[in-house]
Amino acid sequence: MTSRASDYKADVVVVGGGIVGLATAYAVLKKNPKIKLVVLEKESQVGAHQTRHNSGVIHSGLYYKPGSLKAKNCLDGYAKLLQFCRENNIAHEICGKVVVATSQAELAQLEMLYQRGIANGLTGIRKLNGIEIREIEPSCSGVAGLFVPQTGIVDYGEMVDVLKQKVLAFGADVLMNQQVVQIDERSDGVVAQTQNHVVFAKNLVSCAGLQSDRVANQTESAHDLRILPFRGEYFELEPSAKHLVRNLIYPVPDPNFPFLGVHFTRRIDGTIECGPNAVLAFAREGYRKTDFSLRDFSQTLSWPGFRKVARNYWRTGLGEYHRSMSKAAFVRALQKLVPEIEEKHLKPAGSGVRAQACSRDGLLLDDFEIRTSGRVTHVCNAPSPAATASLAIGEAIADLVADIA
Ligand SMILES: Cc1cc2nc3c(=O)[nH]c(=O)nc-3n(C[C@H](O)[C@H](O)[C@H](O)COP(=O)(O)OP(=O)(O)OC[C@H]3O[C@@H](n4cnc5c(N)ncnc54)[C@H](O)[C@@H]3O)c2cc1C
């Protein structure tokens, strides 16, 4: 291949300028500032997809199976995130959250969460009865609950902007509007091509979120996985109802479903969001109910694993669609936690689309999945709490690539 004026030579090229990609770039450069690094991002803004469309919660590590990558990286990433926010004056707050069981049937699952929190090393988790729930959240009703003091809030959009500045300050390039369309592995390196740049690098790390399977399929790494997109829609509380929620109120999650259930979140800007639900999206980057991509939807339907997911989760899925189409149904889910909430208290807010990897045999991957083969590393599954865990994930990947660069 002959060199063009727009060619770049680098030690490491990172595909995707979301929070995981930029945290990886930052960690690689911190570990070895001499490294020449290029980030390729297909949008005009960093963090344009999951990173700027999430709930803004700093997760504590309560939910995750002890010993899993999620548990390890969430706890590790939590500490690194707080330090990063303090050092860079990023607004954040550790306000704690309550997880609320609204029926006797949820008590066993609540106890399981408590045990997980303890096993994951969380201190200060308190079991609550109905009266104690109301002392923390006066409008919340439940038969029992947990108070998790470590949970916090932050704007991940602000965090990714600061990460970009840090990466640039090391002398790296962050190239916007550059979609990687082809990756070639060679004996002396990797070649990543966009529509107008060719980057030759010794190592490539892909952190492409909702497109991670497609980027992985440009190499040999992940033909056994497909991203299923699940849109999460939010409402916001009208100012007249904001007094009903102080901080964060979560239900006990369905153990068979990889999402946490609609909840209340005070955001760092003071608004209170309700949601997100989880409906199968017809477009990977479609934020409106009507968004449809023939390519995306047909790739979902044709995936063998999707049929099994559809068989296993059709009942839950129908409930989620019902809550998506009917505000009254969405409100009923919220009323289980805060009975005074009424339809008139809610106005539509944004939405986000989660990238959830699904195996060929229909397993929705619960844990983070990061694969390295030769000079190429793919982050194949980085759902929640990957924003919380991003700095830890970045350091783990930096350990893989910084030395061999
Ligand atoms: C509704 C919702 C709520 C959530 N709530 C929380 C929460 O409260 N707390 C938490 O910790 N986590 C939360 N998460 C999860 C968290 O947002 C994600 O795990 C995290 O943002 C993943 O970061 P990422 O960099 O992997 O993906 P993304 O932010 O999606 O970034 C991937 C980037 O890759 C780019 N890209 C894709 N393909 C290419 C290509 N071919 N070439 C170049 N660039 C490409 C994309 O444009 C994008 O910018 C939530 C997610 C959603 C959707």
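Each ligand, and each atom within it, is numbered from 1 in the order the structure gives. Throughout, numbering of the chain's residues begins at 1 and tracks the sequence.
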Check this for me - ligand 1, Gln179, N or O atoms closer than 3.5 angstrom, yes or no? no

Counting only nitrogen or oxygen atoms and a 3.5 angstrom limit, does Val20 reach ligand 1? yes

Short list, please: which atoms of ligand 1 are under 4.0 Å from a heavy atom of Gly16? 33 (C), 34 (O), 35 (C), 44 (N)

Could you go step by step and tell me if Glu369 and Arg371 meet the salt bridge (charged side-chain N to carboxylate O under 4.0 Å, His left out) rule? CA-CA 7 Å; Glu369 178 83 11; Arg371 296 181 180 176; 2.9 Å; yes

Enumerated ligand 1 atoms positioned under 4.0 Å from heavy atoms of Val353: 53 (C)

Taking Asp367 first and then Lys72, would you say they form a salt bridge - that is, a charged N and a carboxylate O separated by under 4.0 Å? no

Protein residue, atom and distance nearest to atom 27 (O) of ligand 1, heavy-atom basis: Gln50 NE2, 3.3 Å

Nearest neighbour of atom 37 (C) of ligand 1 from the list Ala278, Ala208, Gly394, on a heavy-atom basis: Ala208

Among all protein heavy atoms in this structure, tell me which lies nearest to atom 12 (N) of ligand 1, with the distance rounded to 0.1 Å. Ser384 OG, 3.4 Å

Would Asp291 and Arg284 pass as an ion pair if we require N to O under 4.0 Å? no

protein heavy-atom neighbour closest to atom 33 (C) of ligand 1 works out as Glu41 OE1, 3.6 Å

What do we get for Val15 next to ligand 1 when only non-hydrogen atoms under 4.0 Å count, side chain, backbone, both or neither? side chain

So does Arg375 pair up with Asp188, basic N to acidic O under 4.0 Å? no

Out of all atoms in ligand 1, which are within 4.0 Å of some heavy atom of Gln178? Include the element for each. 42 (N), 43 (C)

If you have a sec, work out which protein heavy atom is nearest atom 19 (O) of ligand 1 and how many Å separate them, to one decimal? Ala382 O, 2.7 Å

Contact between ligand 1 and Gly18 is defined here as a heavy atom of the residue under 4.0 Å from a ligand atom; is it met? yes

Pro383 heavy atoms, cut-off 4.0 Å: which ligand 1 atoms fall inside? 19 (O)

Run the salt-bridge test on Lys31 and Glu395 with the 4.0 Å N-O cut-off and return the result as yes or no. no

Using a 4.0 Å heavy-atom cut-off, which part of Leu40 comes near ligand 1: side chain, backbone, both, or neither? backbone

Hey, does Arg231 sit under 4.0 Å from ligand 1 if you only count heavy atoms? no

Which word best sums up how the rings of Phe330 and Phe235 line up, parallel for under 30°, tilted for 30 to 60°, or perpendicular for over 60°? perpendicular

Evaluate Gly352 for polar contact with ligand 1, using N/O atom pairs at a separation under 3.5 Å. no

Can we call the ring centroids of Phe200 and Tyr8 under 6.0 Å apart? no

Atom pair SG/CD of Cys274 and Glu236 - distance to nearest 0.5 Å: 8.5 Å

Basic-acidic side-chain contact under 4.0 Å: Asp11, Lys36: no

Does Thr388, backbone or side chain, put an N or O under 3.5 Å from an N or O of ligand 1? yes

For atom 9 (N) of ligand 1, the closest protein heavy atom turns out to be Val57 O, 2.9 Å

Heavy-atom distances under 4.0 Å are what count here, so tell me which part of Arg214 touches ligand 1: side chain, backbone, both or neither. neither

Between the side chains of Asp254 and Gln109, is a donor N or O closer than 3.5 angstrom to an acceptor N or O? no

Under 4.0 Å from a heavy atom of Glu43: which atoms of ligand 1 are those, numbered in the order shown and with their elements? 47 (O)

Taking 4.0 Å as the limit for heavy-atom contacts, which would you say applies to His59 with ligand 1: side chain only, backbone only, both, or neither? side chain

For ligand 1, is any non-hydrogen atom under 4.0 Å from Gln211's backbone (N, CA, C, O), its side chain (CB onward), both, or neither? side chain

His53 and Tyr287 aromatic ring geometry - parallel, tilted or perpendicular at 30°/60° bounds: parallel

Going by an N to O cut-off under 4.0 Å, is there a salt bridge joining Arg126 and Glu132? no

Which protein heavy atom lies closest to atom 4 (C) of ligand 1, and at what distance to 0.1 Å? Asn54 CB, 3.1 Å

Does an N or O from Thr51, backbone or side chain, lie closer than 3.5 Å to an N or O of ligand 1? yes

Any ion pair linking Glu137 and Arg246 (charged N to carboxylate O, less than 4.0 Å)? no

Find all atoms of ligand 1 within a distance of less than 4.0 Å from any non-hydrogen atom belonging to Val215, and give their numbers and elements. 41 (N)

Who's the nearest protein heavy-atom neighbour of atom 44 (N) of ligand 1, and how far? Lys42 N, 3.2 Å

A quick test of your reading: do over 12 heavy atoms of other residues, nucleotides or ligands sit less than 6.0 Å from NZ of Lys336? no

Between Glu343 and Arg332, does any NZ, NE, NH1 or NH2 come within less than 4.0 Å of an OD or OE carboxylate oxygen? no

Does the residue Phe230 have a heavy-atom contact with ligand 1, meaning some pair of atoms that are separated by less than 4.0 Å? no

Among protein heavy atoms, which lies nearest atom 41 (N) of ligand 1, and at what distance? Val180 O, 3.2 Å

Under 4.0 Å to a heavy atom of Ala386 - the qualifying atoms of ligand 1, by number: 19 (O)

Which of the listed options, Arg354, Gln45, Gln356, holds the heavy atom that is closest to atom 52 (C) of ligand 1? Arg354

Any chance CZ of Arg288 has more than 12 other-residue heavy atoms, nucleotides or ligands included, within less than 6.0 Å? no

Do the charged groups of Glu93 and Arg266 touch, with an N to O distance under 4.0 Å? yes

Indicate whether the side chain of Thr194 and that of Gln178 have a donor and an acceptor atom separated by less than 3.5 Å. yes

Output the list of atoms in ligand 1 that are nearer than 4.0 Å to some heavy atom of Tyr234, sorted by atom number. 1 (C), 2 (C), 3 (C)

Are any of the N/O atoms in Ile19 less than 3.5 Å from those in ligand 1? yes

